[in-house]
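By convention in this document, chain letters (A, B, ...) are assigned in the order of the sequence lines, proteins followed by strands, and residues within each chain are numbered from 1.
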Amino acid sequence: MRVEGRESKIAGELLAHYDVHARKLPWRAPPGANAADPYRVWLSEVMLQQTTVAAVGPYYAKFTERWPTVEVLAAADDADLMAAWAGLGYYARARNLLACARAVTRDHGGRFPATEEGLRALPGVGAYTAAAVAAIAFGQRAVVVDANVERVVARLFAIGTPLPAARPAIRAAADRITPDTRAGDFAQAMMDLGATVCTPRNPACGLCPLREDCAAFATADPAAFPVKPAKKAKPHRLGHGWWMERDGHVWLERRPERGLLGGMRALPSGAWSDAPDPTPPINAEWRTLAEPVGHVFTHFSLALRVHHAHVDAAPDGEGEWWPIDRLDEAGLPTLFARAAAAVRKERDARN
DNA sequence: GACTCGTGGCC
DNA sequence: TGGCCAAGAGT
């Protein structure tokens with residue numbers, strides 16, 4: 001519940017700043033335009049989950065051109081959708097994107113629910129995304145809390161409790177400064193501020209319209225908020241990937257729906273345990289790339305030893321022969337795209 | 001609450 | 001170089 005007082009003037013100051021300094025983003029309705037399309041707001045919010053604006057840009061353009069409405073997206077082929085998402089990461093988002101589009105089309109007549117509660121029930125829509133879409137696309141007062149808002153609010157009120165224990169207090173404070181009108185603009189203004197001024201390191205307090213309201217600005221070290229817990233060290237894993245080539249095609253599998261890189265096309269690569277003596281998927285004259293492909297995931301790093309051979313039969317299990325000269329259309333996640341590039345470079349160097 | 005789940009840019 | 005970080009959600 002919003003209260004009057006010092007906290008009530010923060011939104012006004014921030015919105016005035018936003019009216020002048022708002023970033024121009026493809027999914028953001030230009031000033032004075034009609035309300036944003038809920039489909040596009042939702043699509044952008046899902047893509048932006050834990051992902052930078054710069055990385056999302058080309059994917060957003062591709063998706064809106066190819067699937068301009070939620071109903072068109074709902075009719076998309078699963079493999080096409082996953083391939084289009086390849087490289088953006090967190091592939092559960094792509095699976096949930098399709099499930100959500102189909103739920104909206106089938107259960108809601110192709111219209112997104114206009115309430116936070118209705119949105120929250122959709123696949124891949126959590127507390128943040130539900131609030132953001134409700135506020136930005138439907139003009140509802142919703143308390144939008146992402147990592148930017150967490151940081152800005154923790155600094156405004158100098159909340160020294162470490163995360164994640166500080167979340168209830170941060171959310172309560174965000175609620176207190178969220179205005180009854182323009183909640184969508186307010187949310188985007190908070191996120192713009194967090195992305196461009198109130199940054200994690202070296203915040204540009206001299207440019208901040210809220211510095212006179214900011215309890216952290218009054219301290220020696222505004223960047224000390226919010227307080228974050230120490231992170232665990234990342235373990236290292238070793239895996240083996242298998243490039244099987246036949247008549248200009250390479251054998252690709254589809255990974256299991258759940259788990260890492262779930263639902264994505266991939267080179268066969270077994271389990272990434274540190275098995276020193278891997279079993280090839282088929283008997284052949286195998287060669288091994290001199291350098292393994294290194295890749296860092298969220299909670300571990302991987303060294304993938306890449307083996308390659310010409311074969312005259314398919315290995316056991318499901319898969320497909322994919323034309324090597326069109327491998328960029330297979331939608332390989334980055335790890336396997338890099339493994340494939342390494343094999344092709346080795347092969348080209350040999351010729 | 002603690003884990004899992006990608007990728008690229010930045011300092 | 002390597003840790004940190006990004007418009008989090010699901011289990």
Side-chain angles (χ1 to χ4, degrees), chain A residues 23 25-28 36 40-60 82 85-97 99-100 119-137 142-152 162-168 174 184-196 198-203 223 226 228-237 255-264 266 294-302 331-338:
Chain A
R23 288 184 292 175
L25 302 173
W27 45 86
R28 195 174 271 183
R40 295 188 171 223
V41 173
W42 161 75
L43 177 63
S44 69
E45 290 300 342
V46 173
M47 288 184 164
L48 286 161
Q49 289 165 7
Q50 297 288 285
T51 308
T52 59
V53 166
V56 165
Y59 286 86
Y60 178 80
M82 298 306 289
W85 195 277
L88 197 55
Y90 283 146
Y91 299 100
R93 293 184 297 173
R95 301 194 296 273
N96 287 330
L97 192 81
C100 182
L119 290 159
R120 181 67 182 79
L122 295 169
V125 177
Y128 162 76
T129 301
V133 174
I136 297 168
V143 181
V144 180
V145 183
D146 76 325
N148 289 300
V149 176
E150 260 182 16
R151 183 169 58 254
V152 172
L163 291 173
R167 295 230 158 90
D185 283 346
F186 177 75
Q188 296 181 88
M190 289 285 279
M191 293 190 279
D192 273 18
L193 192 74
T196 64
C198 195
T199 50
R201 290 172 296 195
N202 303 317
K228 300 205 169 184
K231 301 203 170 175
K232 294 198 315 183
K234 280 185 187 183
H236 298 275
R237 296 188 195 172
R255 293 176 61 83
E257 285 298 314
R258 304 204 174 252
L260 192 72
L261 309 178
M264 302 299 289
H295 196 71
V296 180
F297 292 99
T298 305
H299 55 291
F300 67 93
S301 60
L302 175 72
L332 294 177
T334 297
L335 166 66
F336 293 109
R338 290 176 53 202

Side chain of [X] only, please: which of [options] is the nearest?
X      : options              : answer
A:F297 : B:dT7, C:dA7, B:dC5  : B:dT7
A:R93  : C:dA7, B:dG6, C:dG8  : B:dG6
A:R201 : C:dA6, B:dC11, B:dC5 : B:dC11
A:M191 : B:dT7, C:dA7, C:dG8  : C:dA7
A:H299 : C:dC4, C:dA7, B:dC5  : B:dC5
A:N96  : C:dG10, B:dG6, C:dA7 : C:dG10
A:T129 : B:dT7, C:dA7, C:dG8  : C:dG8
A:Q49  : C:dA7, C:dA9, C:dA6  : C:dA9
A:R151 : C:dA6, B:dT7, C:dG10 : C:dA6

Rounded distance in Å - [atom1] ([X]) to [atom2] ([N]):
X      : N     : atom1 : atom2 : result
A:N202 : C:dC4 : CG    : C1'   : 13 Å
A:K234 : B:dG6 : NZ    : P     : 12 Å
A:L48  : B:dG6 : CG    : P     : 17 Å
A:Q50  : B:dG9 : CD    : C1'   : 15 Å
A:E150 : C:dC5 : CD    : C1'   : 13 Å

Quick one: is [X] getting a side-chain N or O under 4.0 Å of the [N] phosphate, OP1 or OP2?
X      : N      : result
A:Y91  : B:dT7  : yes
A:H295 : B:dT7  : yes
A:R258 : C:dT11 : yes
A:T298 : B:dG6  : no
A:T51  : B:dG8  : no

Tell me which of A:L332 and A:A165 sits closer to the 5' end of DNA chain B, going by the nucleotide each one is nearest to.
->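 The residue whose closest nucleotide sits nearer the 5' end is A:A165.
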To the nearest 0.5 angstrom, please state how far the OG1 atom of A:T51 sits from the OH atom of A:Y59.
->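 Reported value, rounded in 0.5 Å steps: 10.0 Å.
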Measuring from A:K231:NZ to A:H299:NE2, what's the distance to the nearest 0.5 Å?
->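 NE2 of A:H299 is found 14.0 Å from NZ of A:K231.
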Test A:W42 against A:L119 for side chain to side chain contact (heavy atoms under 4.5 Å, CB included), laying out the working first.
-> CA-CA 10 Å; A:W42 161 75; A:L119 290 159; over 6 Å; no
Test log, rule side chain to side chain donor-acceptor pair (under 3.5 Å), inputs A:R151 and A:N148 | CA-CA 5 Å; A:R151 183 169 58 254; A:N148 289 300; 2.9 Å; yes
Using the [atom1] atom on both, measure [N] against [M] and round to a whole Å.
N     : M     : atom1 : answer
B:dA2 : C:dA7 : C1'   : 23 Å
C:dA6 : B:dG1 : C1'   : 22 Å
B:dG8 : C:dA9 : P     : 22 Å
C:dC4 : B:dC3 : P     : 16 Å

On DNA chain C, check which nucleotide each of A:A195 and A:K232 is closest to and give me the residue with the more 5' one.
->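 Final value for this comparison: A:K232.
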5'-most contact on DNA chain C: A:V145 or A:P200, nearest heavy atom basis?
->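 Result: A:P200.
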Residue list, ring pair (Phe, Tyr, Trp, His ring centres under 6.0 Å) with A:F297, at least two apart or on another chain |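 For A:F297, the residues satisfying ring pair (Phe, Tyr, Trp, His ring centres under 6.0 Å) (neighbours in sequence not counted) are A:W272, A:H295, A:F300.
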Anything under 3.5 Å between a donor and an acceptor, one on a side chain of residues 120-132 of chain A, the other on a protein residue two or more places apart or in another chain? List them.
unit_1, atom_1, unit_2, atom_2, d
A:R120, NH1, A:V125, O, 3.2
A:Y128, OH, A:E45, OE1, 2.6
A:T129, OG1, A:Q49, NE2, 3.0

